[in-house]
J.: 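Below are the structure tokens for one structure; questions will follow.
In what follows, chains carry the letters A, B, and so on, assigned in the order in which the sequence lines appear, proteins first and then strands, with residues in each chain numbered from 1. Remember, predicted model here, so these are calculated numbers, not experimental data.
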Amino acid sequence: MADAKWGMVIDVDKCTGCQACVVACQSENNVPINTEDIFNQRRAIEWIRVERYWEGEFPDVKARFIPVLCQHCDDAPCEPVCPVFATYHNNEGMNVQIYNRCIGTRFCANNCPYHVRYFNFWEPEWPDTLTHQLNPDVTVRSRGIMEKCTFCVQRIRRTSREADRDGREIEDGARELSPACVNSCPTSALVWGDFNNKNSKVSNLAEKEMSHNGSHHGRGYKMMENLGTSPNVIYLKKIDKHAKETVAHE
Amino acid sequence: MIPGDFQIRKPSRIQVLILGILGIGGLVGAVVGLVLGAFVITAWLGLPLDVFGLNEGPEQPIAFPHTTHVKSLGMDCTFCHRNVTVGAAASVPAVGLCMTCHKTIGDGNEEISKLRDYHSSGLPINWVRVHRVPDHVNFIHEPHIRHFGEKYGGPAGTCQLCHGDVGRMVKVKQVRSLKMGDCVDCHKANDAPTDCTTCHY
Amino acid sequence: MGGSATAVAAAACGVPEKELLVQAPLEMPEDLVTGLDNWYATIDRQNRNGIGIVVRVMEGRAKKIEGNVDYPVNVGKHNAIADAGVQSLYHPDRISAPLVRTGERGEGNWEEISWTDAVSRIASRLEGVSGEELVLVTSPIGGHMGSVVNSFTDAFGSTHLQYEPLERTVLQASIKNVFGQDVMPDFDIENAAYVLSFGADFLNGWVSPVRFGRGYGDFRHAEGRERGTFTHIESRLSMTAANADDWIYVKPGYEGVLALSMAKVIIDEGLGDDAAVASLTQNGTNDLSQFDPSNVSAVSGVPAQRIREIAHEFATKRPAVAIGGGSAAAHTNGLFNLNAVHSLNYLVGNVNKKGGVIFNPMPPIGLPVGSRSSSFQQMSTLSDRMANREVKALFVREADPFYGMPSSSEVRKASFGVDLIVSFSGQFDDTTAMADIVLPEHNYLEDWGTDVPDPGPGYQVVGFQQPVVRPFFENRGGHLGTKNFGDVLITLGEILSNPLSLPGDDVKTFKDVVEQGARSLYGLNRGSVKSDDFRSFWQGVLQRGGWWDTGARYDGPSPTPPALPVSPQEPISGSGEFALVPFESAGLSDGRTSDLPWLQALPDPISTAVWHTWVEINNKKAEEMDIREGDVVEVTSPRGSIKALAYPHPGISPDAVAVPIGGGHLGGGRYSKERGSNVFSILEPLTDDKTGALAWGATRVSLRKTGDWVRLSKFENTKPDISEDTHRKIIPLTNG
Amino acid sequence: MQEHVQLTQKQINEDLLTSVLGTPRWWWPALGFFVLVFLIGMSAFGYMLNQGVGVTGLNRPVFWGAFMVNFVFFIGISHAGIMISAILRLTQAEWRRPITRAAEVLTVFSLMSALMAAPLVHVGRPWRADLWVFPYDFARGVWINIRSPFVWDPSAVMTYLTASTLFVLIALIPDLAIIRDRSTGLKRKLYAGMALGFRGTPRQWKLQTIAGILLSALVLPVFVSVHSIVSWDFAVQIGPEAWHSTIFAPYFIIGAIHSGVSAVATLMVVMVWAWGWNKYITPDHLDAIARLLIIVATAWFFFFFLEWVFALYTLEPAEMAMRKLQVFESPWSWLFVVFLFTAYFIPVPMWLFRGVRRSLFWMFVTTILVNVGMWLERFLIIVPGLMRRSEFIFDWGSYHPSIIELAMVAMTFAWVGMGMLVFTKVFPLIPLFDIKEGMVGRDEIRIGRRIVPASIRE
């Protein structure tokens, strides 16, 4: 899988804000339970979160949803600032976070324009019985370290290893490979795959929706592209029949 | 300078010499000591007890003789550690597996009667772990066996690369540090991926 | 010596002792390979409408739930509630053994007893109790559990009420009235070009959100189709409304006249199907003139021009589908509203067609449908009977009427008139807290079962539920732990020498019933799993999570459109400044999933609030009343008052307030007990006059600031500013 | 401009060794107070180690707070030492003599405080901070990321700490020799060791002087780099608005000098009050440092102004939102007003008056104000910048330090106080030899009709 470049295409026009991805992620990745106190302290951890923005006043009011997760930027601002290489870009196009290396300077979190890095302010706690649910493939993070979306790298590892063992090919969009959020999304707003595979769904979407040589002929945009982070997550613009066209990067 | 500010004699040449030698010697000594200390500490972190010659392997609830089974009987490692070619853990055999032979073999042996006691009482055997990697390391036996198996002809030849010649050990002990540096060196030598997410996620 | 030294050294470094041990089990189960996972297909029971799921099991523990790709209802998709099922399995407050009450009822003093003891105690208490005096209250049950319960009630002659707080009685009655169908039809959103929805929050909680969510995705963007247009009409900006192209605010209870007004526009402009128009208007004898948009505009609050526009769009963008439900049905004129809404479908000729309303066939092998709920009327009759000591024994399973019924405190009081209350819940919900004997049933991940999805996908489907893990409390021994509900009923029947009529001679347990059902399906020799022998059929069904036959579609007659309900009914509601709109938040459903921490911590899509009960109020109105976010507000109806935290936002009308359902449990474990307020408790017991359904949207309330302030836990920013993406750097828009 | 108070060398020895050879009555209580605050802070730190960073007020997105403010603040304070010692020595400013050592010692202890604030208590897992500060990890084969300003930080700070410690030590040698000769027993042996056999021979004097000058010259680049690097901790970030500014390095350095020199002025006043060294630290000295401060403060204000010009010139909406928050929204608005007045608008106009410049009390008050203001300045840069009202308005959050955090902030201040007190007990805080040298340099003789200095500087 070393020649892959994983990425996601998120169709904002399909996202209903149902939060299925949020729980799917928490369940897969042993994200600690966000208690009421943790919300009040503004330390809740949601590797993928759904943001809601208001527009207008009653009765002409719109609420718009957008799922935000680690953009796995090619030029990630978080990577150069980590003093110990706890976060870096790997050869699969992913921005990875190595928990055991992390010392918790929180420099990366400050420098992330997408606010998708989360810090473990407390030791995560589960009641005894709930620990049976924890995914053994994912490290339970201790306090004092950063964590963030990994594109469910544990699934990539397990699936490619088992495919190697059994000598089979992995199809594009295979469920055992896809991140938990993508599998859960009821409206298929999230599509995930390999940008290096020219036949993958994400490549086709990128080809169709992104601008090429300056001609913009689709809905594709990258979030806050003006910062030069070159994310590996492509968003497809929300369609509002009453809206005037706006451009993501001014 | 008022007279009497400094009331010290000029040291003699020999004193200066001694002080100089002592000073330089002390500095060199400190550096050497630090380096040695660093090595000892690293070694201690690697294999704690080996440094002091104490590593003889833990006492097990049943003194299982690998020597008999592997060396004398020539059993393959995978006969008991079956999971090693499929998954993460090598796994210890179920008591039932032992009993396939030991129902009949080994009457009168104290250790085997212990085994039979376990089997009849239905309690699991709590073996003492010899090799352990921390939680944040996802070590999977299977790809290692697969890789080296191709090189050394099957799983049997590959186990000893990390575990030493278990067949000759009365008590199984850890022979490699199995610290990250150990893993990384081996991965480099074998062209295995050294991306951190190979093991850490 | 070396071993102990290592142990000491390791202990000093903080390695837990268990990590220094490797247990060699006695015998290794075949499929248990350390570190390898298996995915087992089963049925989700957390959602009100069962969806097919696969569960990842490692070393005997369920780890993750995902949608079953094969299952026709959800095709691999699931939602947050389904995902949180693993937490209900490993919930720290699950009941692990039969309990008998030791103190006064409701005091919460329990003693563990063995199953045999518990069952014999119940049996002895049931002696001399006539069938009428034994009442069974369950959630709507379909599939084989439904037939077992039916044979139990048949054997004892007892009453069976299928209770859920947000009942579907009105919807089912309307479907029967308008389409003549006994089972819910499927609304084929994915193929529709235009969706017009009245009050049905179908992306969030209504009927089958996963199925509709899947359809919605395709409706927006899919290969080979134009993007569909969606207009939602509701009194609150629900999650579904937020996703519509246009959200139209309508005064609560006036959905019906609005729909009729649209019908009038379509008929007047000659846009409707002629045959349908003739039938709907009884060949023009039905006078629709009173529904002229200009008249309706005044009562419904929707501008006449908008009514004409929407009617026009609805009639011209075909295929179009009109869906009614949710808050539109929750008024005293609920059935009128839904009849009017669903009649619109005839005008655009989409009935039993692709992209419209697709009828479902009756389930195969005579299985009961899973969502026949009893009306609130029947439940309040039960409450009266309980108060009058006419009920001697009450069995409650998976239902929580003491939480979900309006004026629940009175119902709870009435329960003191019952001699014996037996709860089968595995969790201390509000009803279980009042029980005399608790017989905890298996979690659905440990249990057998079948499910008939309602609505189905347009063809016959039977979902199969299998235990994906061994019962969690198995290690407590056979006399303690949990058991299957059906098995308990069968045992009770045997002990009271009133044996249940089970299908087949050697059918002894509920699992046998399920297997026997599979045998009947095998006998049909059609559908998704075909094989030569029953064993492999059985395995195939379990592997795929069910059986379905895409060919077995509705083949009944096409219904003739009934006359439009032309005598308008005004919704009746109490007095009070605000209309109260109770709604299902994303995670808590109708209160049944409040005990799961993931779902309590799940930000509500609109307010992003968590762990609390809040009251949504228009931001301008709140400013007028000097209410800020987090102000503790007393919401008072004639039936009582609750406290909730104010959340002002622009998505609600100034004359309505909305309160999420799911807070204020008196029981239910550490994550839900006494958390927030129960909005059901202040609902007026008004009913829809035709069906007797609870008009849960008809209560009016007044607000009062208490002066206290509590931080409203939520995911968005701390300040009560409105989050607005001013520069469109986050969500750029395009007009398509 | 300097008054002529000629003191005998004996007098100088007696006066300036009071702190070492005698113990004033207030010394033990003062030390006790600082130790107590320090211990409270350490227990707070222990509590944090036990519980996690959750005990602070930090949250998402305000990941840095009082600790980082403190780090920048103490690095700023530490700039006094080099400013006074190196620059004034190289420019041969005569009035530096009595305050060089105090300034250098302040540098050393505030650098230690800075290290305490940032790598130690700041990180989530302090027990692994060695990976950052001493990153030579042979066992794992993973090294440090030299692209990170957090790697430049420790190297710059450590270099600076080494240089300033050397500075202090070299200047101490003649004074240690004096104490050695005035003590007996074990004490004498200890001082003898530290004095490295200094006997006041011309060659020793020469070496000592050259070492001082050389160090002054060599340390200047470090002086510039340390705070530049600290500013790059912020300036390399694209995330928070208003941080990625090219002006940051000089702006931080001049701000550091502002607060550092003010701190030295405060210290001078305290020294006079504590040991009555008014013969050595005269109003002339205060006057001189206040004049210097006027220049420094105004230069700093110019950079502060420039930063705003840059912000207002581009009118980037995100940055403007952040600036609006910084200036117009409570509580930042009143913190901003307090900052502006304490850091500039109160002290600088006051220093324009000769009476203020020469008054111990007023100099104490104004310089303390400057440092209050400068602490707030860093707070106002770091916290509102991180609150990020700008783009992801959806999850911006506020921050206020918790009690535990404040205890640790107090700990770093107490460390400086404690260090200074202990230092004065062991070493003279005013360099005896330097004063004497000044006295000699001040001797004048009449040659013909002209009065010329008696000695010529080397």
J.: Search all heavy atoms of A/Tyr99 against all heavy atoms of B/Tyr201 and return the closest pair with its distance.
T.: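 Distance-wise, the nearest heavy atoms are CE1-C, 3.9 Å.
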J.: With a 6.0 Å cut-off (strictly less than), is the heavy-atom count around CZ of B/Arg13, excluding the residue itself, greater than 12?
T.: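 Atom CZ in B/Arg13 is not crowded, with 12 or fewer foreign heavy atoms closer than 6.0 Å.
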J.: Report the residue from A/Thr87, A/Ile98, A/Asn90, A/Asn100 that forms a side chain to side chain contact (heavy atoms under 4.5 Å, CB included) with B/Cys196.
T.: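 Result: among A/Thr87, A/Ile98, A/Asn90, A/Asn100, A/Ile98 is the only option passing the side chain to side chain contact (heavy atoms under 4.5 Å, CB included) with B/Cys196.
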J.: Does any part of the side chain of A/Arg157, heavy atoms only, come nearer than 4.5 Å to the side chain of B/Thr197, both counted from C-beta?
T.: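 In short, these two side chains touch, coming nearer than 4.5 Å.
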J.: Can you tell which of A/Val153, A/Asp164, A/Asn29, A/Val138 has the highest number of heavy-atom pairs within less than 4.5 Å of chain B?
T.: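 Counting heavy-atom pairs under 4.5 Å, the top option is A/Asp164.
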J.: Can A/Tyr88 and B/Asp195 be counted as having a side-chain donor-acceptor contact under 3.5 angstrom?
T.: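 B/Asp195 and A/Tyr88 do have a side-chain donor-acceptor pair below 3.5 Å.
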J.: What salt bridge (charged side-chain N to carboxylate O under 4.0 Å, His left out) pairs are there with at least one residue in residues 116-128 of chain B, not counting sequence neighbours?
T.: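 Pairs touching residues 116-128 of chain B that pass the test: B/Asp107-B/Arg116.
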J.: For the interface with chain B, which of A/Asp166, A/Thr150, A/Asp137 has the highest count of heavy-atom pairs at distances below 4.5 Å?
T.: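 Of the candidates given, the most pairs with chain B belong to A/Asp137.
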J.: May I ask you to check whether over 12 heavy atoms, not counting those of B/Gln15, lie within 6.0 Å of atom CD?
T.: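 Yes, because the 6.0 Å sphere around CD of B/Gln15 holds more than 12 heavy atoms from other groups.
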J.: For A/Arg161 and B/Glu142, work out which heavy atoms get closest and say how close.
T.: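 Minimum heavy-atom contact is CG-OE1, 3.4 Å.
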J.: B/Asn138 versus chain A, heavy atoms under 4.5 Å apart: side chain, backbone, both or neither?
T.: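 The side chain, not the backbone.
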J.: Please report the shortest heavy-atom distance between B/Val86 and A/Arg165, naming the atom on each side.
T.: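 Where B/Val86 meets A/Arg165 most closely, the heavy atoms are O-NH1, 2.6 Å.
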